[in-house]
Amino acid sequence: MKNKVLAILFMLALLPGVAAAADKADYNVVPLPNSIVAQKGNPFVLNSGTRILYTATDEAMRRNADFLALYIEEATGLRLTVAELVKKAGKNDIVLAVDTKMQGEEAYRLTVDEKGVRIAAANAKGVFYGVQTLRKSLPVGRLEAVEMPAVRIDDAPRFGYRGMMLDCSRHFFSLDFIKRYLDVMAMHNMNVFHWHLTDDQGWRIEIKKYPRLASVGGKRTGTVVGFNSMCDDSTEYSGYYTQEQAREIVDYAAKRYITVIPEIDIPGHMKAALTAYPELGCTGGPYEVGHRWGIYLDVLCLGNEKIYEFCQDVLAELIDVFPAQYIHIGGDETPTKRWEECPKCQALAKKQGLTPKNMQGYFTNRIEKFINSKGRRIIGWDEILEGDINQSATIMSWRGTVNGEKASEAGHDVIMTPTDYCYFDYCQTDKDKAFEPSPRVDGYLPIEKVYSFEPCPDNLSDAAKQHMLGVQANVWTEYITCPSTCEYYILPRMSALSEVQWSTAPKDFEGFKERVTGFTRFYNLYNLNYARHLWPEQIIKPWADN
């Protein structure tokens, strides 16, 4: 009897018009949309006959449609036709539409019923985020059809600035990996890539007027082994990006609605630049590109007028390559010892009535005036608050949240990136450090804590809250040497951060854990390496019996 039933089912499956049960979509994605309301009616069935139609003739909407077709093929194997909507949509179509009546630059509405799917937004950018939600709702596998329950999703981000930083100075990462990093950001609805390009241990961007910055400053003759030990591998390490390559990254990011903000860290963390041009330092050198991590005493000589010309020349070339509104000028961890000992710096201090502590503020103000003259704005780490800086400077608060809160109350725009919640180079577990590749010994940041972050506390004034632009995680790469390790450290914490950045729903870590567990099907689909502390049964223990 059992064999007869199986035979009948098999024959029915071969008959025209009799379809196998479809896999179902799940709209509980990461980050969680702000409103998901189930609708009455039959589901929409996505299959090989479904078309993707876009209503505007501009390149951005066509690109959104092409992205969606690619995402669907990657997830399900279904290849869909893409076309411009000329008349009316059919009963088996996905429509991407611009609706000028909608409010919010990144808001979108996703509606599904048995007749079709519609993603609408005020512009192509909003449609792109609707595409991401549809994409992430799909099951993964070689499928013949996907059943999409009737639904209405209304969604918009909590913060306009949703960033990730990657330090390419300490360790250099290829263009292919940076594009992969951007793709993962896009999948998490993130829109700012902060590219840390210079530091003591390497200068990684071509500056045509100062070619030695890359050819000399982009090369170190060895790297410390372990956590700032006395061991050095004495192996040359080098690499830098040409301006053409940087433009390629800017273009790739822009197509995914991601802005690239470059960082040139000045006036400290400049050992690589000083090695290339020693006349820019207080002592005149000789200098060596840093082998060790941490803070070096050698910084730009603020009493030397040549350094202002140098900085303006470098920044002018950056501004030409990077169209972002912001240029990040660093400003963190700048010791004053050399300035206190340097005759030129002391002459400047006397002339301007400066103390060693507020000399950096003088420097920052001069640099900001130049950047503003080019129609751009500066971002600096929160140390720049220690000088007399203009209210127009945007503060990136990394030494906890207090500096950011004070800055916002003082009228500065603020991006929250505190070590306690947003330093993704910190270990993800405080127990089994044997499972952490190249662990730091000074940081522990579990995913639960990332998810719990509240960047805009109730005690802030309403005016201060308006200055909270958003949230960013930082990936410093002193101990992150390769792409696989980088992916391990950002995932799944990046998923938790995306909900802090995007969602307005009340925090529910257990609910998030369930959703991110489902979301790992996309980690696996794209062969992303990720930490598995939420899923200890997946951790491979080399000493365990196999």
Which residue pairs pass the salt bridge (charged side-chain N to carboxylate O under 4.0 Å, His left out) test when at least one of the two sits in residues 258-280, sequence neighbours left out?
none
State whether the side chain of Thr336 and the backbone N or O of Trp339 hold a donor-acceptor pair below 3.5 Å, judged by distance alone.
no
Arg493 (side chain) donor-acceptor with Tyr489 (main chain) under 3.5 angstrom:
yes
Pairs flagged by salt bridge (charged side-chain N to carboxylate O under 4.0 Å, His left out) wherever residues 394-412 is involved - sequence neighbours left out
Asp382-Arg399, Glu386-Arg399
Salt bridge (charged side-chain N to carboxylate O under 4.0 Å, His left out) for Arg515 and Glu499? Distances and angles first, verdict last.
CA-CA 11 Å; Arg515 283 182 286 107; Glu499 299 227 338; 2.4 Å; yes
Using atom types as modelled and distance alone, determine if a side-chain donor or acceptor of Asn64 lies under 3.5 Å from a backbone N or O of Ala124.
yes
Using 30° and 60° as the class limits, which term best fits the ring planes of Tyr526 and Phe522: parallel, tilted or perpendicular?
parallel
By the side chain to side chain donor-acceptor pair (under 3.5 Å) test, which pairs, at least two apart or in different chains, include something from residues 310-323?
Lys209-Asp313, Tyr210-Asp313, Gln243-Glu317, Arg247-Asp320
Could I get the full list of side-chain contact (heavy atoms from CB on, under 4.5 Å) partners for Tyr240, not counting sequence neighbours?
Glu206, Ala214, Thr242
Do any N or O atoms from the side chain of Asn403 and from the backbone of Ser397 form a donor-acceptor pair under 3.5 angstrom?
no
Taking side-chain contact (heavy atoms from CB on, under 4.5 Å) as the test, write out the residues that go with Asn358, two or more places apart.
Leu354, Thr355
If you count every heavy atom of other residues, nucleotides or ligands that lies below 6.0 Å from Lys465 atom NZ, does the total exceed 12?
yes
Can you say whether the rings of Trp381 and Trp398 are parallel (under 30°), tilted (30 to 60°) or perpendicular (over 60°)?
perpendicular
Could you name each residue pair satisfying side chain to side chain donor-acceptor pair (under 3.5 Å) that touches residues 289-301, not counting sequence neighbours?
Thr221-His291, Asp232-His291, Glu288-His291, Asp298-Arg338
Residues pairing under salt bridge (charged side-chain N to carboxylate O under 4.0 Å, His left out) where one sits in residues 342-354, two or more places apart or in two chains, turn out to be none
Donor-acceptor pair, distance only, cut-off 3.5 Å: does the side chain of Lys507 make one with the backbone of Val500?
no
Residues passing the side-chain contact (heavy atoms from CB on, under 4.5 Å) test with Lys219, sequence neighbours excluded, are Glu236, Ser238
Parallel, tilted or perpendicular: which describes the rings of Tyr451 and Phe512, with under 30° parallel and over 60° perpendicular?
parallel
Return yes if some donor-acceptor pair links the side-chain N/O of Tyr308 with the main-chain N/O of Leu302 below 3.5 Å, else return no.
yes
Start with the C-alpha gap between Arg180 and Glu487, add the side-chain angles, then the distance that decides, and say whether salt bridge (charged side-chain N to carboxylate O under 4.0 Å, His left out) holds.
CA-CA 10 Å; Arg180 182 172 168 90; Glu487 290 174 5; 2.6 Å; yes
Side-chain contact, heavy-atom cut-off 4.5 Å: Phe67 with Arg256?
yes
Heavy-atom donor-acceptor pair, His412 side chain to Gln391 backbone, under 3.5 Å
yes
Exercise: do Arg170 and Gln201 side chains pair donor with acceptor under 3.5 Å
yes
At their closest point, which heavy atom of Tyr161 faces which heavy atom of Gln472, and how far apart are they?
OH-OE1, 2.7 Å
Are the side chains of Thr364 and Asp388 in contact, using a 4.5 Å heavy-atom criterion?
no
Given side chains that start at C-beta, do those of Met494 and Met185 come closer than 4.5 Å, heavy atoms only?
yes
Among residues at least two apart in sequence or on other chains, which ones pass side chain to side chain donor-acceptor pair (under 3.5 Å) with Tyr237?
none
Counterpart residues, side-chain contact (heavy atoms from CB on, under 4.5 Å), relative to Pro278 (two or more places apart):
Tyr287
Ring geometry between Phe322 and Trp195 (parallel below 30°, tilted from 30 to 60°, perpendicular above 60°)
perpendicular
In chain order, what residues pass the salt bridge (charged side-chain N to carboxylate O under 4.0 Å, His left out) check against Lys357, with sequence neighbours excluded?
none
When you measure from the side chain of Asp167 to the backbone N and O of Ser169, does any donor-acceptor pair fall under 3.5 Å?
yes
Under the 3.5 angstrom rule, does the side chain of Arg158 hit a backbone N or O of Gln501 as a donor-acceptor pair?
no
Validation row, ring centre Trp476 to ring centre Phe424 under 6.0 Å:
no
Any residue meeting side chain to side chain donor-acceptor pair (under 3.5 Å) with Asn524, in chain and number order, not counting sequence neighbours:
Tyr530
